[in-house]
Each structure stands twice: as structure tokens, then as C-alpha cells.
Amino acid sequence: MDIEIPDFLVRHCKNVGYCECANPFQIEIPAPSFSTEWIAERQAEIRRFKEKHQAIILAHNYQIKEIQDVADYVGDSLGLSREAAKTDAKVILFCGVNFMAETAKILNPDRTVILPDANAGCCLEECCPAEELRKLKEKHPELYVVSYINCSSEVKTLSDVICTSGNADRIVAASPKDRPILFTPDQNLGSWVMEKTGREMLLWPGYCYVHTQFTAEAIAEEKIKHPGAKVVAHPECTAPVRRAADEVCSTEKMITYCRTQPAKEFIIVTEVNIIHRLRKELPGNTFYPLPIKGFQPQCKHMMKNTLDKMISAFNKMKPQIQLPAEIMAKARAPIERMLELS
Ligand code: 13P
Ligand code: SF4
């Protein structure tokens with residue numbers, strides 16, 4: 001690739017991002033404990049609202065178990081985008097983080113998309129300001145930009161194609177061979193895709209503050225306790241962690257992998273709330289979340305959503321995703337390209 005590489009882009013992971021929200025000490029959010037009756041009452045109210053508004057509830061695998069249990073669909077970013085693309089519900093209550101709800105809106109500009117907490121962001125999204133990407137593209141119009149779905153809608157408008165962790169290798173493999181590829185914003189996912197596809201790429205130096213705190217040493221310690229367990233890690237983890245895993249995949253593929261393995265025990269190297277779905281769907285197996293410095297690995301953004309905020313969102317029909325029509329039109333093309341390719 002014979003382009004001059006701006007200093008801040010990397011060819012190999014350095015984890016030198018500039019995400020403002022990275023706070024290594026805030027990894028476990030103390031969860032208030034509610035009675036079973038309290039939870040059931042709220043879930044019943046959410047179901048009543050859902051019927052009244054002819055709504056669908058989409059939830060990411062990292063949502064707390066009380067939210068997963070009341071959702072119509074629980075899945076990874078790819079599954080959620082597909083569900084959002086095919087729904088004919090009038091209202092989508094999206095329980096995940098902002099960029100996911102925005103993707104649902106972009107695919108359904110005429111539907112109402114509400115979310116429990118408008119401040120549920122994503123540190124990967126923060127790592128890639130659209131203005132910087134725009135400037136880089138102006139200097140290097142030859143770049144073919146593949147963006148991980150964990151980015152802002154504006155960054156999507158500047159991208160040639162979007163990918164998720166569930167299809168990134170396929171999307172990159174299908175990218176033009178005669179153009180340098182820039183992968184934004186996650187350098188770890190990008191480096192994993194380079195390993196898998198053999199395609200060279202420039203990597204935006206973004207990273208997830210949760211996944212980059214897992215260590216290969218913690219995996220080794222956990223394996224001593226559970227020697228027969230298979231290790232499953234998310235590709236947002238660093239290379240040493242990925243190398244220590246038996247399988248690296250998206251959250252949805254983690255469910256399929258654990259379902260199809262003869263092993264009965266699994267060490268799960270991603271956000272802890274996915275364990276609920278794994279235990280629910282595969283009750284015969286045992287799952288151990290990999291701790292970070294002794295704490296449960298939680299995403300503070302995903303944890304912002306609660307049952308009470310879901311009720312409030314249905315009640316007030318807000319917070320609502322509202323994006324300029326021009327942004328939605330431009331951002332839709334690379335998302336649709338992804339859906340066609342995957
Ligand atoms: P998945 O698409 O694999 O669920 O990942 C989303 C995410 O934000 C991981 O941190
Ligand atoms: Fe973003 Fe990381 Fe949270 Fe996923 S786990 S939503 S990448 S901050």
C-alpha cells in the first residue's frame with residue numbers, strides 16, 4: 001500500500017486511542033436488587049405498552065436479564081440490524097446503545113424509534129470523530145472506508161461499507177483489491193480481521209474500554225480453576241487475549257459455538273450480561289464470565305438502560321431517535337451494502 005500513513009493511524013494494534021470515557025476502575029456497576037414481584041409488575045406494564053403502541057422491543061445481548069426477558073428479540077449488532085430492517089412494527093423500543101438505535105432508525109426512517117436512555121453511548125463511537133475522518137478522506141480520497149457499526153451516523157455517511165463483528169471478515173474480503181482499506185474505529189477488531197483475511201488495512205486507533213481490559217493472564221488463571229473449559233472471546237479483545245481463546249466471535253456466534261461444542265464448560269470473555277442468555281438457552285452447560293481485576297465485566301453504557309426507563313420511554317414516546325434526513329439517506333447506503341453482503 002503506497003500511501004503516506006498519517007501518524008495516528010496504525011498498522012498493528014497499539015491500543016493508543018483517545019476515548020474520553022475509558023475509566024479502567026469503573027468496570028462493575030452496583031446493581032440495585034429488586035424483588036421478583038417488582039420486576040414482574042414492571043415487565044407486565046412494558047408488555048401492555050408494547051401492545052398498545054404496536055411496538056417491538058429489540059435488545060442487545062449485553063442488556064440486563066430483566067430487559068432481555070421482556071424483549072421480542074435479543075441478539076448481536078448484526079441480528080438487531082436485520083430485525084430492524086424487516087420489522088413492520090410502528091414503534092421500535094431499542095434497548096442497547098445509541099449507535100444501535102440510530103441504525104434501526106436509519107433503516108426505518110418513517111417509524112418511531114425510542115430508547116430507554118439517550119445517554120447510552122459507546123466508547124468506540126467516541127474514538128472516531130467524524131470531522132477527523134472527513135479531513136483524512138479529503139487528503140486521501142483513494143481510501144476505501146470499512147466502518148465497524150459501533151460508530152456515529154455521521155461516520156457512517158463517510159464510510160463505503162459498514163460491518164459488525166459477525167460479518168467483518170466477509171465484508172473486508174469483499175472490499176476492492178485496488179484500493180487501500182481504512183478500518184474504523186476499532187483497531188482490535190481490525191487486526192483480527194487482517195489476520196483472518198490476509199488483507200492489509202490501516203487501522204483507526206479506537207478501542208473498547210471493556211474488552212481491552214481482559215488479559216491473557218486472567219484467562220490462564222481461570223483455566224487452572226476450570227481446566228476442561230473452552231475459552232470464547234470477542235474480537236474487540238487485544239491480540240494476546242484472542243490468541244489465548246479457543247474461539248473468537250461475535251456475541252451471537254458465541255451462543256452458536258457453545259451450543260455446538262461437546263465441551264460443557266465455557267469461559268466467556270466479553271460483557272457479563274450475555275451469560276444470562278447462555279444459561280437460559282443452554283441450561284446443561286456452565287458458563288464463567290472472565291473477571292477484570294476481580295470485577296464483573298460490565299459495559300457502563302449498556303447498563304444505563306432499566307425497566308423503569310423503558311416504561312418512561314413508552315409513556316412519553318421519548319427519548320426518540322431523530323436524525324437529519326440527509327444523514328439518514330447517506331448512512332443507509334453503507335448499512336444496506338453490509339446487509340446485502342452478509
Ligand atoms: P456484537 O455485535 O458482537 O454483539 O458486539 C457489539 C458490541 O458492542 C461489543 O462490545
Ligand atoms: Fe461500546 Fe465496548 Fe460497550 Fe460494546 S462493550 S457498547 S464496544 S463500550
Side-chain angles (χ1 to χ4, degrees), residues 15 17 19-24 26-29 58-64 68 71 73-84 94-104 115 117 119-128 147-152 155 162-171 184-190 192-193 204 206-214 232-238 241-242 247-257 268-278 289-290 292 296-305 335 338-339 342:
N15 290 317
C19 167
E20 302 258 315
C21 76
N23 175 356
Q26 194 182 351
I27 200 70
E28 188 173 273
I29 294 101
L58 304 180
H60 187 263
N61 287 321
Y62 295 164
Q63 291 296 284
I64 53 170
Q68 290 191 31
Y73 177 87
V74 183
D76 68 354
S77 313
L78 181 58
L80 289 164
S81 308
R82 285 189 179 130
E83 286 299 310
F94 203 106
C95 302
V97 290
N98 223 303
F99 75 81
M100 297 177 176
E102 284 187 5
T103 305
L115 61 165
D117 190 320
N119 296 317
C122 168
C123 91
L124 268 172
E125 176 177 343
E126 286 181 38
C127 288
C128 186
S147 290
Y148 187 28
I149 197 162
N150 298 38
C151 64
S152 68
V155 164
I162 300 302
C163 71
T164 73
S165 58
N167 61 17
D169 49 348
R170 186 189 282 236
I171 300 289
T184 82
D186 187 13
Q187 60 185 298
N188 290 294
L189 177 67
W192 177 67
V193 172
W204 195 273
Y207 64 97
C208 163
Y209 89 102
V210 182
H211 288 89
T212 50
Q213 290 190 70
F214 291 116
V232 194
H234 196 274
E236 288 172 16
C237 296
T238 60
V241 170
R242 298 196 308 266
E247 176 68 0
V248 179
C249 58
S250 75
T251 59
E252 193 60 35
K253 288 184 183 169
M254 287 184 183
I255 315 270
T256 320
Y257 175 79
I268 303 298
V269 190
T270 193
E271 214 269 358
V272 68
N273 286 295
I274 193 176
I275 300 283
H276 174 62
R277 199 176 147 207
L278 286 162
L290 186 73
I292 294 175
Q296 298 277 339
Q298 292 175 330
C299 168
K300 64 182 173 185
H301 304 289
M302 291 278 180
M303 294 294 291
K304 287 193 174 129
N305 296 329
I335 300 172
M338 166 188 85
L339 292 173
S342 54

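Counting starts at 1 for both ligands and their atoms, following the listed order.
Within the 4.0 Å heavy-atom criterion, neither part of Glu125 lies near ligand 2. For Asp186, no heavy-atom contact with ligand 2 is shorter than 4.0 Å.
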Give me the pairs of N or O atoms, one from ligand 1 and one from the protein, that sit under 3.5 Å apart.
residue  : atom   : partner : partner atom : Å
ligand 1 : 2 (O)  : Ser77   : N            : 3.0
ligand 1 : 2 (O)  : Ser77   : OG           : 2.8
ligand 1 : 3 (O)  : Ser165  : OG           : 2.7
ligand 1 : 3 (O)  : His234  : NE2          : 2.8
ligand 1 : 3 (O)  : Thr251  : N            : 3.0
ligand 1 : 4 (O)  : His60   : NE2          : 2.7
ligand 1 : 4 (O)  : Thr251  : OG1          : 2.5
ligand 1 : 5 (O)  : His234  : NE2          : 3.2
ligand 1 : 8 (O)  : Asn150  : ND2          : 3.1
ligand 1 : 10 (O) : Glu236  : OE1          : 2.8
ligand 1 : 10 (O) : Glu236  : OE2          : 3.1

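With contacts defined as side-chain heavy-atom distances shorter than 4.5 Å, the pair Asn150/Asp186 does not qualify. The shortest side-chain heavy-atom distance between Glu125 and Val155 does not fall under the 4.5 Å cut-off. Side-chain contact check for Met254 versus Ile268: some heavy-atom pair is nearer than 4.5 Å. Considering only heavy atoms from C-beta on, Met338 comes within 4.5 Å of Leu78 through its side chain.
If you number the atoms of ligand 2 from 1 as listed, the ones under 4.0 Å from a heavy atom of Cys208 come out as 2 (Fe), 5 (S), 7 (S). Near Leu124, meaning under 4.0 Å from any of its heavy atoms, are these atoms of ligand 2: 7 (S). Of all atoms in ligand 2, listed by their number and element, those nearer than 4.0 Å to a heavy atom of Asn150 are 7 (S).
Between His301 and ligand 2 there is a heavy-atom distance shorter than 4.0 Å.
By the side chain to side chain contact (heavy atoms under 4.5 Å, CB included) test, Lys304 pairs with Asp117, Asn119, Ala120, His301, Lys309, sequence neighbours left out.
Here the straight-line distance linking atom CD of Glu247 with atom CZ of Arg242 works out to 13.0 Å at 0.5 Å rounding. For the atom pair CD1 of Ile335 and OG of Ser81, the computed distance is 7.0 Å after rounding to the nearest 0.5 Å.
Of the options Asp76, Thr270, Thr251, Asn273, a side-chain hydrogen bond (donor to acceptor under 3.5 Å, both in side chains) to Asn61 is made by Thr251 and by none of the others. Considering Cys208, Ser165, Ser250 in turn, Cys208 is the only one that fulfils the side chain to side chain contact (heavy atoms under 4.5 Å, CB included) rule with Glu236.
With 2.8 Å as the limit, Cys123 does not count as an N, O or S neighbour of atom 2 (Fe) of ligand 2. Residue side and main chain included, Cys299 places an N/O/S atom under 2.8 Å of atom 3 (Fe) of ligand 2.
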Could you check Ser342 against Arg82 for side chain to side chain contact (heavy atoms under 4.5 Å, CB included), going step by step and ending with a plain yes or no? CA-CA 10 Å; Ser342 54; Arg82 285 189 179 130; 4.0 Å; yes

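Here atom 1 (Fe) of ligand 2 lies nearest to Cys122 when heavy atoms of Cys122, Cys127, Pro185 are compared.
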